[in-house]
Amino acid sequence: MPALFSDADLVRQPREIYPGCVHVPGWLSMNQQRFLVGEFFRWGQTTPEREGISRGIPPHSPEIYGKKMSVRLTSLGWHWSDYAYRNDAPEFGGAQPFAVPDWLQRMGRQALDAAYQPSTAPSWPAFDGPQHAEWVSSYCPDVALINYYAPHASMGMHQDKDERSSMPIVSVSMGNTGVFRAGNSENKNMPFEDILLASGDLIVFGGPSRFMYHGVPKILPDTSPAELNFPEGRINITLRQTGLSPAGN
Ligand code: MD6
Ligand code: FE
């Protein structure tokens, strides 16, 4: 059974890429991935107006610096537009996002717990057992950005710095494998490390890597697991704690 001892499995181990940035391949079970894909379709549907407010942000391509992004974005908790978080989306008739469900916030805590074990992430945050548990339980992500990549979509190098909290960003992906380019915190240039994010992979950005430049130069066709039933494109969900007050949200 040579497949049992394939080298490919050796490299798909949890790995601290830089201090604070940890990749955990195959973190989500296939059932969890299937559930998230089902929710992805629901989150993109807007519910009819009730008491003057409709809920749900339709997937759209945000404009940044006058250019439309190639990914399609929807979100939970807050609407992201012009590099800021808003309670509502004026461009969609004032629609408000659905809340981040409890189970998804819990998934965020489970992700921090899994990624920042001292054995996999020796450099940061370097907590002992009780401190680690307390820190994990304090994570309360109040926004989820959900990006859909059609086969030729990509995302340019950027920093995520619209949040006022320095708590980590939790990122999970489903569908086609994406080439994730991890850069440095100073500028968009080299050195880079290209990491393959496959369906079910987790990557977290915290501490010294929280403001690292990164992007997704391309996604790889025909890489979505058949059992997922999502043959084309890639879904990426990032959870963040904005540090903003929840007024009206
Ligand atoms: C993506 N992700 O994987 C885009 N940002 O499609 C991000 O931009 C990202 O994965 C901050 C932290 C983790 C991420
Ligand atoms: Fe990002």
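Atoms within each ligand, like the ligands themselves, are counted from 1 in listed order.
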Distance from [atom] to nearest protein heavy atom, with residue and atom:
atom                    : answer
atom 12 (C) of ligand 1 : Ile169 CG2, 3.5 Å
atom 6 (O) of ligand 1  : Tyr149 OH, 2.4 Å
atom 3 (O) of ligand 1  : Arg234 NH2, 2.9 Å
atom 11 (C) of ligand 1 : His214 NE2, 3.3 Å
atom 2 (N) of ligand 1  : Asn236 OD1, 3.5 Å
atom 13 (C) of ligand 1 : Ser171 CB, 3.6 Å

Linked, directly or transitively: Leu28 and Ile195 (ILVMFWY side chains, under 4.5 Å):
no
Is the Phe205-His214 ring centre distance short of 6.0 angstrom?
yes
Taking the six-membered ring where the residue is Trp, are the ring centres of Tyr83 and Tyr65 under 6.0 Å apart?
yes
At the Fe ion (ligand 2), NE2 of His214 and NE2 of His158 open up to roughly (10° bins) 90°
If you count the atoms of ligand 1 from 1 in the order shown, which ones are under 4.0 Å from a heavy atom of [X]?
X      : result
Val216 : 1 (C), 3 (O), 4 (C), 6 (O)
His158 : 8 (O)
Phe180 : 2 (N), 3 (O), 10 (O), 14 (C)

Residues in salt bridge (Lys or Arg N to Asp or Glu O under 4.0 Å) contact with Arg164, at least two apart in sequence or another chain:
none
With sequence neighbours excluded, what pairs up with Arg15 under the salt bridge (Lys or Arg N to Asp or Glu O under 4.0 Å) test?
Glu193
Atom name of the N, O or S atom in Asp160 that lies nearest to the Fe ion (ligand 2)
OD1
Does the Asp201 side chain pair with the main chain of Gly26, one donor and one acceptor, at a distance under 3.5 Å?
yes
Spell out, as yes or no, whether a donor-acceptor pair under 3.5 Å connects the side chain of Arg34 to the backbone of Ser29.
no
Thr238: heavy atom below 4.0 Å from ligand 1, yes or no?
yes
Are the side chains of Val172 and Met107 in touch, meaning some heavy atoms are under 4.5 Å apart?
yes
